[in-house]
2 protein chains.
Amino acid sequence: MDRNDAEPPGASGRRKPRATIYDVARLTGVSPSAVSRALNKSGRLNERTERRIREAAEAVGYRINPMARALPTGKTGTLGLMVSDITNPVYFELVRGAERAASRAGSILVFADAQESAELELATAERLQPAADGLVMVASRLEDDDLARLASVEPVVTVNRLAPGLPSIVPDLRPGIESALDRLAGLGHRRIAYLSGPEASWMNRARWEVLFALAVDRGMSIVEVGSAAPTRSGGAEAFERVRAAEVTAVLAYNDLIALGLLHECRGHGLDVPGRLSIVGFDDIFGADLPTPALSTIRSPLAAVGELAVERLLAAVNGDETGPGTALATEFVERESVAAAP
Amino acid sequence: MDRNDAEPPGASGRRKPRATIYDVARLTGVSPSAVSRALNKSGRLNERTERRIREAAEAVGYRINPMARALPTGKTGTLGLMVSDITNPVYFELVRGAERAASRAGSILVFADAQESAELELATAERLQPAADGLVMVASRLEDDDLARLASVEPVVTVNRLAPGLPSIVPDLRPGIESALDRLAGLGHRRIAYLSGPEASWMNRARWEVLFALAVDRGMSIVEVGSAAPTRSGGAEAFERVRAAEVTAVLAYNDLIALGLLHECRGHGLDVPGRLSIVGFDDIFGADLPTPALSTIRSPLAAVGELAVERLLAAVNGDETGPGTALATEFVERESVAAAP
DNA sequence: GAGTCGTTGTCAATCGATTGCCAGATGCCG
DNA sequence: CGGCATCTGGCAATCGATTGACAACGACTC
């Protein structure tokens, strides 16, 4: 050891304190307030001074301290995103869209998981709130008034869930379901089933209601098959119930359930789509992987995530936005749908 | 409208400012410092006073303002997680594990995506740093010295990437690759290929090197087939190159590539596993969906995420941890592997 | 030359919580 | 009863950035 300030390898050593506007001010010979103005109120200062300050800030690697800024302004520059269950692949694309919109706006996205528990969801949302300027609640399992209470503190945008008085981004189910039903009807299906998802899910009820109405319109018989956990094993466990319903086609609450059911059918030697057509919802990653590939009613998830964040940002900035938006769904036909037996 | 302070429906109304320790202090008739101590230095105050303060805080729904706390303490209570590409399903489980560990410790997890660009990764990491107490960098594409520079400011833990002097969580590739190769050898495979991933990926090199060494050990011939984008279409595009290599088995850099290749093989009528066995890495969601189901070398992703966050928290709290940990991989045999033709 | 105006930079208060230090009250000991 | 330690709670400085008010200055007008 020829130098006794050498870094011990492995340890990360003393951290140098980050430069503040005071350091930049001292270096430039101006006051801290001048630095603040130079950096975010361009034009307020003399052009040359501003440039000098900017260069000094650059030179010492100054980074604004968001916490310090948050105190006087009340804006943290971060947005919270709550999902009901991170492992659900539905959220991949949604998260990606949200992240993209956030980083485009220079905001940081904070991320939390409710693990399908309303209680945990509320607790986590409350924990998140003080650190964020607003919340996107995806597929919230909370009651309307819990959501309203959260929204009374900070802007809240809901996704895949309508809540009275809150801006919401939801898929418009009609177009997708309509074309799926038209196609099924065209293939001779007359008796169909809906394999439903979690009771607490707003989206589950919404899908059932639209599906029900449109099926009746078309003169099809439709039944709801008791709820399954929104997972592949949930779909597998529903196999007997679906078979007992004696339908020729089933629409499942989501692709995970549909995939689980599809796999189970093959395991029991039930020919899909020969004897049973299966349709999912969402078009998640992997829906096209199995044989037969899964037909599904696609939601524009990335766009939903993006739009939700944009709405939230608008609300945070005080531009009151409209109550909500619905993005069209679309039927994606793959091999799991064929003529009725 | 019988009350003129009724909330306009749709708008979220005036936000009530959050209660501060000053509000609680006034309500209880003590000083703000007493409130602060009552809430986080239990025992420092008289027991009865403490309880009174706690109850008042509860009553007004007091929530600590993390930004305000961060200023004097320098701790933000949030951790940053950077991944190379959010849409890669590999990260689902990892993110879940990380989120679980973070919320267990009462920390918030911030989340960012580098979109496979080193430049963007560095910029985002720097943007994230002042808002977080430390960073987990997953599959970083950065140079060693860029990582070192980040780590000189705040603790950094790398995942799926070794960096000198930084604590790292990586899978231990040997056990998984060994048993995969043993199995392939047992099935009569003698000529195998590695379909490699992004050049900038440390993990890509690591997999190749371990695979190479172990294949040579077993007297197998092995070639590296030029790199593919780490996506399904990257795998599909590599089809011709793999076929031209005239091997009986191929291990792909990751499951996405393997899935893309598998699908393309079927499209070209190349029998898998009859004429070609395919093995992926990671065991992501969906690996078991196609026919034939994909064999793969599984990484314990959730555990990796969890451990990474735990390490980071330890480093943030000043408990210097060891340099790194490797978690064993495991070969998962499914239908995409069979006897050599 | 006095008055007015716009430009440019500083001053000082502020956001909410933390914490070292101090002071009053209380209890204990000899 | 004096001396001393202990327990409780308050005071005030501090973290880093923002921002309204203001002062100094030069330019311009009449």
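For the numbers below, each heavy atom of this structure counts, side chains included, while hydrogens, waters and symmetry mates do not. The chains referred to below are lettered A, B, ... by the order of the sequence lines, with proteins before strands, and numbering in each begins at 1.
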Could you state the atom-to-atom distance from CZ of R18(A) to C1' of dG16(D) in whole Å? 12 Å
Checking I108(A), V95(A), V110(A) against F111(B) for side chain to side chain contact (heavy atoms under 4.5 Å, CB included), the one that qualifies is V95(A)
Expressed as a whole number of angstroms, how long is the span from K41(A):NZ to dT10(C):C1'? 16 Å
Between P on dG16(C) and CZ on R63(B), what's the gap in Å once rounded to a whole number? 16 Å
Which of these passes side chain to side chain contact (heavy atoms under 4.5 Å, CB included) with L166(A): L150(A), V157(A), V156(A)? V156(A)
Output the rounded distance in Å from NZ (K75(B)) to P (dT19(C)). 12 Å
Electrostatic pair D144(B):R161(B) at N-O distance under 4.0 angstrom: yes
Contact under 4.0 Å: R69(B) side-chain N or O vs dG16(C) OP1/OP2: no
What one-letter contact string describes nucleotides 6-15 of chain D from 5' to 3', where B marks a base within less than 4.0 Å of any protein heavy atom, S marks contact via sugar-phosphate atoms alone, and - marks no contact? --BBBBB--B
Under the rule for side chain to side chain donor-acceptor pair (under 3.5 Å), what residues qualify as partners of R18(A), not counting sequence neighbours? E154(B)
Return each pair, listed once, that meets side-chain hydrogen bond (donor to acceptor under 3.5 Å, both in side chains) where at least one residue sits in residues 125-137 of chain B; pairs must be two or more places apart or across chains. R63(A)-E126(B), T76(B)-D133(B)
Spacing between R48(A) atom CZ and dT8(C) atom P, to the nearest angstrom: 11 Å
Rounded to whole Å, the CG-P distance (N40(A) to dT19(D)) equals 7 Å
Could you tell me the separation between the CD1 atom of I21(A) and the P atom of dG9(C), rounded to a whole number of Å? 16 Å
Under-4.0 Å salt bridge between R96(A) and D85(B): yes
